[in-house]
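Working notes for the structure below.
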Amino acid sequence: MLTTIEHDLSQLFGQAFEANDLSFDFGATVRCSRPELGDFQCNGAMAAAKQGAGNPFVTAEKVVAALPDNDIIKNVEIVRPGFINVFLHSDYLATKLKSFSNDHTFGCAEDLSDTKVMIDFGGPNVAKSMHVGHLRTAIIGDALQRIFRFKGYNVVSDAHLGDWGTQMGMLIEGLKKRQPDLPYFDENYTGPYPEESPVTIQDLETIYPEESGLCKSDDAAAEKARQATLELQNGREGYRALWKHFVEVSIATLKRDYGELGVTFDLWKGESDADPFIPKVLAELEEKNISIKDQGALIVPFLDEEGEKLMPPLILRKSDGAVMYGTTDLATLYERVHDDKANIVLYVVDGRQQQHFKQVFAAADLMGMEQSTVYEHTYFGTVNGKDGKPFKTRSGGVMKLHDLIQMAKDEARKKLAESNFGVDFEEAEKEDIAHKVAISTLKFADLRNFRIKDYIFDLEKFSEFEGKTGPYLLMQVARIKSILRKAADINAQPGELLPTSDNEKALTFKLLEFNGALDKTIEKRAPHFLCEHLYNLAQDFSSFYQKQHILKEPDELKRASLLKLSSICLAQMEIGLELLGIETLERM
Ligand code: ARG
């Protein structure tokens with residue numbers, strides 16, 4: 001990994017503090033908050049004074065005198081009470097940028113392949129179409145898997161399909177009512193079962209809401225669904241065969257929807273895959289006296305030392321014997337810890353499931369799983385409508401993900417037409433642009449907020465070409481591409497970077513901050529740090545371009561250097577957007 005300027009300077013100043021018998025750590029150097037005062041500043045002399053080092057101005061002078069020889073610092077200014085402002089050599093900046101940009105990861109990647117990170121996101125449910133509630137987990141989870149992978153981690157993503165709960169029993173009972181003669185329901189039938197699915201996704205999407213509505217009002221129906229779920233879980237062959245069809249037709253549709261968003265998973269496992277691990281987990285919980293029987297159910301109570309209840313218990317088995325959402329999650333975690341040997345497991349799941357994960361993780365802690373693996377609920381806030389309540393369709397229904405994407409596309413087409421973008425392009429290209437603009441709109445609007453915050457879904461605002469939006473960034477990328485194309489037309493190519501001039505400084509510094517933004521994103525599992533960086537980068541490019549007429553630059557070497565700087569900026573924006581799952585455009 002290449003080192004940042006902050007790092008290089010902090011080393012130099014650290015050594016200078018040490019030479020004065022003060023702690024190396026006082027050498028920490030950061031970007032100057034006011035660029036007119038300097039490029040970087042070291043405030044260690046004041047910190048040292050607080051710890052009894054005496055007059056900070058005097059300390060600063062001594063530290064500066066003790067700075068090792070280097071080709072980084074051009075000059076320093078000491079300002080009362082003891083700030084050390086640092087100005088850098090312009091060729092050091094250019095060289096630094098050159099070394100970063102020569103690396104295809106901008107010097108970010110490290111060999112972290114020994115660290116296995118499993119990311120559980122998506123979590124769609126069999127037979128239910130994806131809705132707005134599945135948007136954030138897909139977008140954030142996908143960005144995180146891309147970013148962790150780029151950094152060099154060994155990443156495995158898993159969709160963790162909801163395929164083992166009572167909704168499966170509802171589907172079985174619902175179908176039984178409609179087609180009682182199917183062999184799946186005949187207990188004396190010994191197979192083989194038909195290869196072809198007796199239902200389509202549309203069938204499932206009709207059966208499920210009807211049955212789940214019925215089960216809410218009709219206890220006998222609910223009991224039947226529970227019973228069918230239990231029999232499925234216990235391995236009744238006809239039900240298992242039928243269930244397989246349910247899962248397969250659902251996955252086909254889910255893949256289409258995720259495909260539209262450009263989101264992929266390494267594994268398409270589900271709650272049901274935890275099944276073989278459940279006996280092991282239950283046995284261990286019993287052996288270690290972690291689980292108890294409570295009114296026929298099997299639970300893990302959570303008590304403090306005084307025996308006070310810390311939170312509601314985790315229910316492992318209901319009194320009828322069926323396992324629960326928490327049981328499959330605990331068993332899945334067990335598999336990830338013991339079989340997959342994951343070092344980190346991230347659950348990119350709605351914040352409204354915090355209690356659930358607290359219970360699952362607390363049970364896992366009691367089993368000692370935390371000793372080998374870190375597991376976290378990387379949760380996110382709610383997408384709200386303008387009324388501040390969870391986002392719905394106009395008629396108050398659940399907004400399907402597919403419809404939401406169509407809405408974003410319509411808005412993109414409208415905004416593109418209003419801005420006169422691509423009016424004379426072929427229809428196919430226009431469609432491609434509308435699609436990419438729409439996806440960038442949804443993704444950037446989501447990712448730019450710190451994930452734990454709720455946000456208000458305002459499609460019109462998100463689709464603007466001005467402001468902190470996806471379309472703005474796509475437009476900036478297309479603009480740099482257009483500059484480079486125009487340059488190529490007059491035979492001007494990017495060349496060697498010359499020492500950084502004042503006009504280029506802000507942009508150069510920004511480009512060099514990419515690593516920091518990415519590391520922060522990884523540390524906090526929060527892509528908004530990367531969004532913020534890319535937005536600022538786009539703005540810095542704009543100001544640079546305003547001051548600097550690249551194509552009119554008469555000095556050819558200088559022009560080649562400016563084009564190089566532009567192309568580095570383009571490369572970084574494209575890499576950054578790709579890490580957010582946003583595809584860019586050649587022109588618009
Ligand atoms: N299927 C669940 C739901 O729709 C989300 C699953 C999240 N992942 C997990 N390991 N619990 O709420």
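All ligand and atom numbering here is 1-based and tracks the order in the structure.
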**Prompt:** Rounded to the nearest 0.5 Å, what separation is found between the CG atom of Asn154 and the CE atom of Met118?
**Reply:** 9.5 Å
Report all N/O contacts between ligand 1 and the protein shorter than 3.5 Å as a table of atom names and distances to 0.1 Å; if there are none, say 'none'.
from, atom 1, to, atom 2, distance (Å)
ligand 1, 1 (N), Gly123, O, 2.9
ligand 1, 1 (N), Asn125, OD1, 2.8
ligand 1, 4 (O), Gly123, O, 3.4
ligand 1, 4 (O), Asn125, ND2, 3.0
ligand 1, 8 (N), Asp120, OD1, 3.1
ligand 1, 10 (N), Asp120, OD2, 2.9
ligand 1, 10 (N), Asp329, OD1, 2.8
ligand 1, 11 (N), Tyr325, OH, 2.8
ligand 1, 11 (N), Asp329, OD2, 2.7
ligand 1, 12 (O), Gln353, NE2, 2.9

**Asked** Tell me, which pairs form a side chain to side chain donor-acceptor pair (under 3.5 Å) where one or both residues lie in residues 278-292, sequence neighbours left out?
**Response** Glu284-Lys288
**Message:** Can you tell whether the side chains of Arg178 and Asp203 come within less than 4.0 Å, N to carboxylate O?
**Reply:** no
**Asked** Under the side-chain hydrogen bond (donor to acceptor under 3.5 Å, both in side chains) test, which residues partner Glu205, sequence neighbours left out?
**Response** Ser129
**Asked** How would you list, by chain and number, every residue that makes a salt bridge (Lys or Arg N to Asp or Glu O under 4.0 Å) with Arg448, sequence neighbours excluded?
**Response** none
**Message:** For the backbone of Arg525 and the side chain of Arg451, can you confirm whether one donor and one acceptor N or O come within less than 3.5 Å of each other?
**Reply:** yes
